[in-house]
Amino acid sequence: MQFNRKHFLDLKSLDASDIHYILNAAQKMKYSLGSSKTCVTPYLKGKTVATLFHEESSRSKLSYQLAAQNLSANVINLITQKQFERGDSLKEIGTYVDQMGADFIVVRHPVAGGPHHLAKYVNASVINAGDGRNENPSQALIDLLTILEIKGSFTGLKVAIVGDVMHNRVAKSSIWGLLKLGVKVSIAGPPTLIPLGIEKTGVTVHHSATEAIIDADVILSLKVQRDRQGYALIPSLNEYKKLYKLNHQRLSVAKDDVVVMHPGPINRGIEISSEVIDGDVSILDKQQINGIAVRMALFNLLGRSGGNFDVK
């Protein structure tokens, strides 16, 4: 099998074999990194990666930057908020960067579908680093890789997603990816933070976190998105914590070997208690480690015509 896509825009349009192929490539990239996480390989030597982020996002941008540098690519980082405020469009900014010779354009844009729109006008490969409330597919792949490493397989798994699904683009990508891999997915959150009609995708919707967590193998907790109106749609943080915060008591109804994930950054004590964050069930550190490997795999697969790394 070959991954014959020019752009990486979402998980919704991929099938299970595509996702497995990327995860396999990420595992091999992780192996090539070894324990140092800074092993430089020549697979993208002479290529240029440009990041176009509407707003600053140090963790994600750093992960993409390190991934590109580990593959020997040149990196250009741009924050585009000021350009948009003065009237420049994503198409104008993106095509300018494309004409300057970028081989990859990593886009984080506040409007859903922004990266898809740009992909129509550039020769570079476009990678979606988050578009509005739509998707953040590479972060979801990081979560999928982490689950695979911990559980060994997706077969028979149940994943519970708890929190602000409405405003969380990682959750949307994770739902698509998990469902395509045959995982049973239950979600829970305040009714105002659950997208209308999401049950049509195949997830089971609960408004009780405890009900969603019953017999779960993995729990993905989500940030209450203060900057995306999440706080305005709940009566109070105290009520949210009472009903949806993950603590040891709530986790008691899950599987004995349940693990807890969070795409970050965490509002400690709101979405997850400190005892869970710092306990054995938390695998947040493993998620962070896998970020660079996943993004290295994406760069290499999209730039395969100039690379020589075999992931078969």
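- Side chains of Val49 and Gln69 form no contact here, defined as non-hydrogen atoms less than 4.5 Å apart.
- The stretch residues 235-263 participates, sequence neighbours left out, in these salt bridge (Lys or Arg N to Asp or Glu O under 4.0 Å) pairs: Lys151-Asp257, Asp217-Lys255.
- Considering CG of Asn136 and CG of Asp143, their distance stands at 9.5 Å, rounded to 0.5 Å.
- Counting non-hydrogen atoms of other residues, nucleotides and ligands closer than 6.0 Å to CG of Asp280 gives a total of 12 or fewer.
- When each of Glu199, His207, Met166 is tested with Ile194 by the rule side-chain contact (heavy atoms from CB on, under 4.5 Å), just one qualifies, namely His207.
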Run the numbers on Val260 and Leu251 for side chain to side chain contact (heavy atoms under 4.5 Å, CB included), then give the verdict. CA-CA 9 Å; Val260 173; Leu251 296 185; 4.0 Å; yes
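- In summary, Asp10 and Lys172 do not engage in a salt bridge, as defined by a charged side-chain N under 4.0 Å from a carboxylate O.
- Looking only at distances, a side-chain donor or acceptor of Lys180 sits under 3.5 Å from a matching main-chain atom of Lys12.
- A 4.5 Å side-chain heavy-atom check between His116 and Asn134 finds at least one atom pair inside the cut-off.
- Across all non-hydrogen atoms, the minimal contact from Val203 to Ile198 is CG2-O, 3.5 Å.
- Taking a 6.0 Å sphere around NZ of Lys6, one finds it holds more than 12 heavy atoms contributed by other residues, nucleotides or ligands.
- Put simply, CG on Asn300 and CG on Asn70 are 12.0 Å apart, with the number rounded to the nearest 0.5 Å.
- Ile266 and Ile213 fall within the same hydrophobic cluster, where Ile, Leu, Val, Met, Phe, Trp and Tyr residues are linked whenever their side-chain heavy atoms come under 4.5 Å apart, directly or through other members.
- Taken from CG in Leu14 to CD1 in Ile22, the straight-line distance is 5.5 Å, to the nearest 0.5 Å.
- With 3.5 Å as the limit, one finds no donor-acceptor pair spanning the side chains of Tyr244 and Ser221.
- For the pair Phe104/Lys47, a side-chain contact is recorded, criterion being any heavy-atom separation below 4.5 Å from C-beta on.
- Inter-residue side-chain proximity for Leu9 and Pro137 is flagged as unmet; no heavy-atom pair is nearer than 4.5 Å.
- What you find for His7 and Ala119 is that their closest heavy atoms are NE2-O, 3.6 Å.
- Residue-environment remark: NZ (Lys61) exceeds the threshold of 12 foreign heavy atoms within 6.0 Å.
- Ile19 and Val170 end up in different hydrophobic clusters when Ile, Leu, Val, Met, Phe, Trp and Tyr side chains are linked at under 4.5 Å.
- Closest of all the heavy-atom pairs between Ser72 and Pro42 is OG-CA, 3.6 Å.
- Annotation for Ile105 and Gly94: closest pair CD1-O, 3.7 Å, computed over non-hydrogen atoms.
- Judged by distance alone, with hydrogens and angles left aside, the side-chain atoms of Asn168 form a donor-acceptor pair with the main-chain N or O of Ala171 at under 3.5 Å.
- How far NZ of Lys30 is from CG of Leu23: 11.5 Å, rounded to the nearest 0.5 Å.
- Of the possible donor and acceptor atoms, one in the side chain of Asp103 sits under 3.5 Å from a partner among the backbone N and O of Thr48.
- Judged by distance alone, with hydrogens and angles left aside, the side-chain atoms of Lys158 form a donor-acceptor pair with the main-chain N or O of Ile214 at under 3.5 Å.
- Of the possible polar contacts, one joining the Glu135 side chain to the Leu11 backbone as a donor-acceptor pair under 3.5 Å is found.
- Across all non-hydrogen atoms, the minimal contact from Leu222 to His262 is C-NE2, 3.6 Å.
- Side-chain contact between Thr51 and Gln65: absent, with no pair of heavy atoms (C-beta onward) separated by less than 4.5 Å.
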Take Arg268 and Ile272, measure what side chain to side chain contact (heavy atoms under 4.5 Å, CB included) needs, and give me the verdict at the end. CA-CA 6 Å; Arg268 183 179 283 261; Ile272 311 178; over 6 Å; no
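- Side chain of Glu92 to backbone of Ser89: a donor-acceptor contact under 3.5 angstrom is found.
- Taking the side chain as every heavy atom from C-beta outward, Arg59 and Pro265 approach each other to under 4.5 Å.
- Both Val107 and Leu78 are assigned to one and the same hydrophobic cluster, defined by single-linkage of ILVMFWY side chains at heavy-atom distances under 4.5 Å.
- Between Leu141 and Phe8, the closest side-chain pair of non-hydrogen atoms falls below 4.5 Å.
- The side-chain contact (heavy atoms from CB on, under 4.5 Å) with His20 is formed by just one residue from the set Asp15, Leu181, Leu144; it is Leu181.
- Checking side-chain atoms of Ser252 against main-chain N and O of Gln249 turns up a donor-acceptor pair under 3.5 Å.
- Note: the hydrophobic cluster containing Tyr96 does not contain Val75 (ILVMFWY, side chain heavy atoms under 4.5 Å, direct or indirect links).
- One N or O on the side chain of Ser186 and one on the backbone of Ala212 form a donor-acceptor pair closer than 3.5 Å.
- The backbone N or O of Asp278 lies less than 3.5 Å from no partner atom in the side chain of Ser282, so there is not a single donor-acceptor pair.
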Show your working on side chain to side chain contact (heavy atoms under 4.5 Å, CB included) between Val185 and Leu179 and close with a plain yes or no. CA-CA 7 Å; Val185 181; Leu179 291 175; 3.9 Å; yes
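- Looking at Ile142 and Asn290, their side chains come closer than 4.5 Å, going by heavy atoms from C-beta outward.
- Rounding to the nearest 0.5 angstrom, the gap separating the CG atom in Asp164 from the NE2 atom in His167 is 5.5 Å.
- Closest heavy-atom contact between Gly163 and Pro190: O-CD, 4.4 Å.
- Atoms CZ and CG, from Arg169 and Asp131 in turn, are 7.5 Å apart once rounded to the nearest 0.5 Å.
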Hey, mind stepping through Phe299 and Ser125 against side chain to side chain contact (heavy atoms under 4.5 Å, CB included) and telling me if it holds? CA-CA 9 Å; Phe299 283 134; Ser125 292; over 6 Å; no
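- Cluster annotation: Tyr121 is not connected to Val111 through the hydrophobic network of ILVMFWY side chains, with a link wherever side-chain heavy atoms come within less than 4.5 Å.
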